[in-house]
Participant: 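Have a look at the structure that comes next, please.
Please read these numbers as outputs of a predicted model, since none were measured by experiment.
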Amino acid sequence: MKAADGYEVVFALAELDPDFSTRTILLADSVDGAPLADGMGPYRVVVPGEKKPARWIRQVTEMAVKLAK
């Protein structure tokens, strides 16, 4: 996933597929029913349970699924 400022994060399929993990990763477009604040949206990735929020990316502009070789 890529943010408006160029920041990028990567997730492995096993982190997202419920056949491999019970982890929940959220792609949010609102908080408590209200749109994300300026500077946070239009989308934000939230990864509950991570010790450091390095993959909590805001202003998500692009999401791609790629095959690793």
Participant: Please determine whether residues L27 and I57 belong to a single hydrophobic cluster, defined as Ile, Leu, Val, Met, Phe, Trp and Tyr linked transitively by side-chain heavy-atom distances below 4.5 Å.
Facilitator: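 Yes, L27 connects to I57 through the hydrophobic network.
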Participant: Measure across S21 and A14 and return the closest heavy-atom pair with its distance rounded to 0.1 Å.
Facilitator: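 Nearest pair, atom of S21 first, then A14: CB-O, 3.4 Å.
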Participant: Do V47 and L26 share a hydrophobic cluster, counting only Ile, Leu, Val, Met, Phe, Trp and Tyr and linking them when any side-chain heavy atoms are less than 4.5 Å apart?
Facilitator: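 Same cluster.
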Participant: With clusters defined by side-chain heavy atoms of hydrophobic residues (ILVMFWY) lying less than 4.5 Å apart, directly or transitively, does V9 cluster with L13?
Facilitator: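 Result: no, two separate clusters.
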Participant: Determine whether a donor-acceptor pair (N or O, by modelled atom type, separation under 3.5 Å) exists between the side chain of W56 and the backbone of V45.
Facilitator: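 Side chain of W56 to backbone of V45, a donor-acceptor pair under 3.5 Å: no, none is there.
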Participant: So do V10 and R55 actually touch side chain to side chain, heavy atoms under 4.5 Å?
Facilitator: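 Counting from C-beta outward, R55 and V10 never come under 4.5 Å.
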Participant: Applying salt bridge (Lys or Arg N to Asp or Glu O under 4.0 Å), can you list everything that pairs with R58, at least two apart in sequence or on another chain?
Facilitator: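 Partners of R58 by the salt bridge (Lys or Arg N to Asp or Glu O under 4.0 Å) criterion come out as none, since no residue qualifies.
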Participant: Please tell me whether F11 and V65 are part of a single hydrophobic cluster in this structure, the criterion being side-chain heavy atoms less than 4.5 Å apart.
Facilitator: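 No.
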Participant: Suppose the criterion is side chain to side chain donor-acceptor pair (under 3.5 Å): which pairs have a residue in residues 23-44, not counting sequence neighbours?
Facilitator: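 The answer is E15-R23.
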Participant: Would M1 and M40 show up in the same hydrophobic cluster when neighbours are defined by side-chain heavy atoms closer than 4.5 Å?
Facilitator: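 No, M1 does not connect to M40 through the hydrophobic network.
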